[in-house]
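Here's the structure we're looking at; comments come further down.
Sequential numbering from 1 along the given sequence is applied to the chain's residues. These numbers come from a predicted model, not from an experiment.
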Amino acid sequence: MIDHWRDAPDAARSAPAPFGRDAVVAHVAELAVSSDAAPLVLVTGPIGMGRSSLLAAVRAELTARGFTPLSLRVARNERDRPYSLASRLCAEIAALRSGDARRTARATAVVSLGEAGRQLAAELRSALTVNDKLTVLIDDAHWADPASRAVLLSLTRALAGGPVTVVCTVRPSPADPASERAVLEQLRAASLAEVVPLRPLGEQEVAALIAHTLQARPTAALLSSLQRECRGRPAAVLAAVAGHLRTGGLQVYDRHVYLTSPDRPPELPLDLPPIEYLRRLGGTVWAVAKAAAVMLPLGTAATGLIARAVGRDEEEVRGALSELSVEGVLRQETEDGRWRFRLPLLASALTGCLGPWERRSLARLAVTAVWAGDAVADDRYLADQLVVAGRSVDARRAAGELLARGTAAMLDDGYCAERWLRAAAELTTEPRQRARVLVAHATTCCLQLRFTEAIDSAGKVLSEYADHVDSATLLEIQLAYVVALAGTLDTAALTELCDGGWRSLPGRQWHRVVTRCIALCHLDRWREADEHLALLRHVWHRDDDVFAGLGLLVSECTGAYMGRFEPFEQAVTDPTDWPLWASGPRFRFERLWQLARVLTAFGEQDRADRLLAAHDPPSAYRTVPDQVVADSQNGHWDRALDTARLGLATGLSVGYAPSHTLVSRETSVILGARGRLTEARAVIERARSVQPVMLHLLAVAESCLDEALGDVEGALDVVARGLALAADRGLVVGTDVLWLRSAGLELARGDRAAARRAVAETGRTAELIGTGRARLCHLLATATVEGDRAAAAEAIGLARQRAQPLELADTLTLTVRHEVADSGLLHEAYALYGGLDALLRRAQLRNLMRARGVTVPHRAVVTAENERLLATLVTEGLTNRELAAALGSSEKSVESRLGRLFKRTGYRSRVELASAMLTDDYRA
């Protein structure tokens, strides 16, 4: 079979061919020109491994060295034409002897097996001058007819020690005659043949291929998916990448590429070379290949079902499956006899070749067999076939099974759950059942942050089926609708709903009260939301447990944000004291995660983790924002940054207020600490335009960026504006760290009175909300402004207890900088920053360590880090003046360091250096 896949994106076509095979190309080229090498070189590998690409690269390498190789390619139809390759080779040699540049494509001369090899060898030798070296390149030699193969083997023996080397690409097959395999082994034993196997690309090589193709680094999830589907075959990887680009399944953000729907197959073109090749096999083989792509997951029942699908007897189907095995498409497992595709991506490509009627018929056969007990399939396979079969099977039964499977998968397999539930809705005609399906679909879409689809289903329930759902479900769908509007950034619709539209919502008054409150929160109108809920408490706090429970949860969380912390604190202490706790896992899940989200917004990640661990949520599912904040505060920065990029690239961080702001804050903090100042600022600017809720939470991260570039006044202004915005919204959350920043910045510019006023505010905030972080902020402000060593010691102890690496490292650094703690603590802070790969913080701390006479460990590591940080800052577009401010040095020192960096790495300009950093080609 053809071993390359075309129709890759333009960028993919420009990738070096073959990618990652430089060492193999050099090795084969050296064998081709070496006088001591074996006369026969066999480059082997399965479908898609890049044999033809490698041979083309060898030809280019030989040409570059001044050699002119003789090249032939064998077509599949030649295997049934005796002496086809041998006669073509004779014609090429004759043209070579006569000096005719034209090559005769066909030759009529036929040589006998006995003399073939010796005759060809003699012809080749006589065609060469004394010092000539000739390489014959034969692509797809496995298609050569048996007689020509015998000629090649005879030729190999005759060329021993001569000036000719034959390089062939071969796809090994279990159908190869045993006699030929034995002869090849004899040639290898006699050093007359060398086999160069092409191995699958490893994960790092696949990552490099994708980075070169898309100019972005692939995530671990994308690499895992491609390795599973493509088995390390470069041509298949490029085809899959192109297919995911067509579906919109790949998104690039911050120079990283993400697979947004891991369960969605790539859209592969119908004219891929492997597909065209199978199509040309025609007849039963082509029909069986297509049916196998659908039926093989049914195991031992698949052969019979394929036979029914293609209208052949089982013996013919077994023969076709065996031929597909010979072609390298399938393999049969010895333990259970099941057939499987060697390359899973090929199954996806074949499925795409099926017409709608064919695909539906195959799905109907599969579903019918499973329902009848004639075949066994896992739930996911059956649900996928039910979607395709549609009304060709029992629609009522299909809808019921899709609803059950979709509901069960809504937390852990969002893409499939959404697809199954959407199909169930299309199959259902009974109003009450259809309403149930639409509610489940809308809820699933909200949980998976697929807000456009959620609006569609929720809107249908509210406009057409409101009378067919119970009171609690109606409230659930109204809240899903509000969250989905926020997720699609439709502030106009939210505003209209809050300012009057809420009064016309279906249901009772308590439905409308709670729904309007949630909508107000998503518009950042927290004070109005709190007042509205409090004013109409008598409406929602009635005998109905659902409304009392949900209204109470909203009131607790909103009140906490505004500084009314006691009810929220009681809820965290005993979350089971809630009207809906015993009403089912879904309500327990919602309560625990809402309480945990509020805790993390206040910086209480340790308490959030303990809360969840103590009460064991019904599902381990976490939204993207929840994952980012938890990983960031717990010090898992690489994972947090990877998840945050996914959320920001795909919109998975919007919807639940203030999710997007929290993700943006954590991302900006990480990027800033690692020296990526421009990118960190871009994240903040994007947050302001995408979902502007609780934007004051960004002020600390933004002020750190200003201060890093020496703009203390600008940093102080950012903090002041953040505090003013929080006061305007009536919010207390996040103001503890803002007041601490204010105290430090006022002290830095010499206004001790203003700094003391900020200290007092940290104390007031700590007393009001009583969180660990608020107490830590007050202790640090007191220690640094008042020089209180006891407060510093208490702050360090509290930071150790809270176990957030960045917070602890900052606490140690701050107290030592203000001379209220022992300088020896800087070693611990330095190690903590190192664990986070916080390059800029480490560099800034080294300046402090030298100023305090503390030895900086590992000189070689320091040099490497300084160069990497400098390259990072240059890539961010900083001027020499800004570089000097960030690094705490002079502009002259920066110029010297840049000169040394350019000299050592060989880059001639900032542009070259930045380009290397952006494509991950930087030479460290």
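Put simply, OG on S87 and CZ on R81 are 7.5 Å apart, with the number rounded to the nearest 0.5 Å. Distance CG/L350 to CZ/R279: 9.5 Å, rounded to 0.5 Å. Rounding to the nearest 0.5 Å gives a distance of 5.0 Å between CG of L346 and CD1 of I275.
Side-chain N or O atoms of R342 include one that pairs as donor or acceptor with a backbone N or O of L330 at under 3.5 Å. Under a 3.5 Å cut-off, the side chain of R149 and the backbone N or O of H142 do form a donor-acceptor pair. Checking side-chain atoms of S225 against main-chain N and O of A221 turns up no donor-acceptor pair under 3.5 Å. At distances below 3.5 Å, not a single donor-acceptor pair connects side-chain atoms of T135 with backbone N or O atoms of T165. In this structure, Y381 contributes its side chain and V376 its backbone to no donor-acceptor pair below 3.5 Å. Formation of a donor-acceptor pair under 3.5 Å by the T428 side chain with backbone atoms of A425 is not found in this model. R246 places a side-chain N or O within donor-acceptor distance of the main-chain N or O of E267, the cut-off being under 3.5 Å.
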Begin from the C-alpha positions of D139 and S52 and carry the test side chain to side chain donor-acceptor pair (under 3.5 Å) through to its verdict. CA-CA 6 Å; D139 198 11; S52 297; 2.8 Å; yes
Please lay out, stage by stage, how V294 and L305 fare under the test side-chain contact (heavy atoms from CB on, under 4.5 Å). CA-CA 10 Å; V294 176; L305 291 170; over 6 Å; no
Could you please spell out the steps behind the side-chain contact (heavy atoms from CB on, under 4.5 Å) verdict for V24 and V196? CA-CA 8 Å; V24 182; V196 179; 3.8 Å; yes
side-chain contact (heavy atoms from CB on, under 4.5 Å) evaluation trace for L382 with R405: CA-CA 10 Å; L382 179 59; R405 285 167 172 76; 3.7 Å; yes
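Ion pairing of R59 with E61 is absent here, as no side-chain N (NZ or NE/NH1/NH2) approaches a carboxylate O to less than 4.0 Å. Using a 4.0 Å cut-off between a side-chain N of Lys or Arg and a carboxylate O of Asp or Glu, E327 and R171 qualify as a salt bridge. For E418 and R422, the salt-bridge test passes: some basic side-chain N is under 4.0 Å from an acidic carboxylate O. Remark: R76 does not engage D140 in a salt bridge, criterion side-chain N to carboxylate O under 4.0 Å. Using a 4.0 Å cut-off between a side-chain N of Lys or Arg and a carboxylate O of Asp or Glu, E92 and R88 do not qualify as a salt bridge.
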Can you give each donor-acceptor pair under 3.5 Å made by side-chain atoms of residues 351-359, sequence neighbours left out, with the distance rounded to 0.1 Å?
{"unit_1": "T351", "atom_1": "OG1", "unit_2": "A347", "atom_2": "O", "d": "2.8"}
{"unit_1": "E358", "atom_1": "OE1", "unit_2": "G355", "atom_2": "N", "d": "3.1"}
{"unit_1": "E358", "atom_1": "OE2", "unit_2": "K290", "atom_2": "NZ", "d": "3.0"}
{"unit_1": "R359", "atom_1": "NH1", "unit_2": "Q385", "atom_2": "OE1", "d": "3.1"}
{"unit_1": "R359", "atom_1": "NH2", "unit_2": "Q385", "atom_2": "OE1", "d": "3.3"}

Show me the donor-acceptor pairs, under 3.5 Å and distance only, between side chains in residues 226-233 and residues at least two apart or in other chains.
{"unit_1": "R231", "atom_1": "NH1", "unit_2": "R228", "atom_2": "O", "d": "2.2"}
{"unit_1": "R233", "atom_1": "NE", "unit_2": "I47", "atom_2": "O", "d": "3.4"}
{"unit_1": "R233", "atom_1": "NH1", "unit_2": "I47", "atom_2": "O", "d": "2.6"}

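Within 6.0 Å of CZ on R199 lie no more than 12 heavy atoms contributed by other residues, nucleotides or ligands.
Scanning all heavy atoms of the two residues, the minimum distance from A389 to A363 falls at N-CB, 3.7 Å.
By the 4.5 Å heavy-atom criterion applied to side chains, W339 and R318 are not counted as neighbours. Side-chain contact between D145 and E78 is absent, with no heavy atoms from C-beta onward closer than 4.5 Å. Within the 4.5 Å cutoff, no side-chain heavy atoms of T219 are placed close to those of L259.
R312 and T284 form a side-chain donor-acceptor contact under 3.5 Å, judged by distance and modelled atom types alone.
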